[in-house]
Amino acid sequence: GNSVTQMEGPVTLSEEAFLTINCTYTATGYPSLFWYVQYPGEGLQLLLKATKADDKGSNKGFEATYRKETTSFHLEKGSVQVSDSAVYFCALTDSSYKLIFGSGTRLLVRP
Amino acid sequence: DAGVTQSPTHLIKTRGQQVTLRCSPKSGHDTVSWYQQALGQGPQFIFQYYEEEERQRGNFPDRFSGHQFPNYSSELNVNALLLGDSALYLCASSFGLAVRDGETQYFGPGTRLLVL
């Protein structure tokens, strides 16, 4: 079945460091891909999305490119801040109407 | 513009009891989806309601049931609670069924259920 695999955390970085969180997927057809972020004690917020191959989603300095050839959607940010500390979830939708999530990657940014 | 709201925020039940969780979608949205998020895991899809009908269901037993009202709000009911039902229950709303096309699902803050 369709699935999402994320790198295990926690990822610990110093402020202003470069961030990459890897995400790969398995899906039939042409899924849409998403990154959601969950801050402590809160629900999920959509960070960015891409609906077709080679699309780049971007928001708040974060970027991810839909790579069909490598079935990947890696999240990147050039300079992280302490306020970026959260859990990041990669997700996809397939031919149905539900979101399929990865297990999440916790990011901790130190001052 | 109110976002997705859920009630209650926290709940403690004992095994065998029944629980009802509630969700009000974001203004203008007509579709509600429910997810279960166990500690340290990603959310798992339970089911989705549109036009007051269950449109899709994940791999959850019949103990999990739901309802959608004419005002688009929704309830999630869980019968015969098990310890393993302890989790954060998230409600998400969207417009129509076009999630596959990238239509954004907006999530509420969740209800944290603890089963003792």
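Keep in mind that what you see is a predicted model, and the values were worked out from it rather than measured. Lettering of chains follows the sequences in order, A, B, ..., and the numbering in each one begins at 1.
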Atom CD of A/E8 with >12 non-hydrogen neighbours under 6.0 angstrom | no
CD of B/Q44 to NZ of A/K98, rounded to nearest 0.5 Å, is 10.5 Å
Would the number of heavy atoms belonging to other residues, nucleotides or ligands and lying under 6.0 Å from CD of A/E16 be above 12?
-> no
Flag if over 12 foreign heavy atoms under 6.0 Å of NZ, A/K52:
no
Among residues 37-44 of chain A, residues within the sub-4.5 Å heavy-atom range of chain B, in order of number, are A/Q38, A/E42, A/G43, A/L44
With the side chain counted from C-beta on, respond yes when B/P43 and A/F89 share a heavy-atom pair under 4.5 Å apart, and no when they do not. yes
B/R15 atom CZ: more than 12 heavy-atom contacts under 6.0 Å: no
The complete set of side chain to side chain donor-acceptor pair (under 3.5 Å) pairs with one or both residues in residues 60-71 of chain B, sequence neighbours excluded, reads B/R63-B/D85, B/N71-B/S73
Checklist line | B/L39 atom CG, neighbour heavy-atom count above 12 within 6.0 Å | finding: no
Result for side-chain contact (heavy atoms from CB on, under 4.5 Å) between B/Q105 and one of A/T93, A/L99, A/L46 points to A/L99
**Asked** Are more than 12 heavy atoms from other residues, nucleotides or ligands located less than 6.0 Å from atom OH of A/Y66?
**Response** yes
Do B/Y50 and B/Y72 land in one hydrophobic cluster if side-chain heavy atoms of ILVMFWY residues count as linked below 4.5 Å?
no
Under 4.5 Å to a heavy atom of chain A? For B/Q37 that would be side chain
Under 4.5 Å to a heavy atom of chain A? For B/Y35 that would be side chain
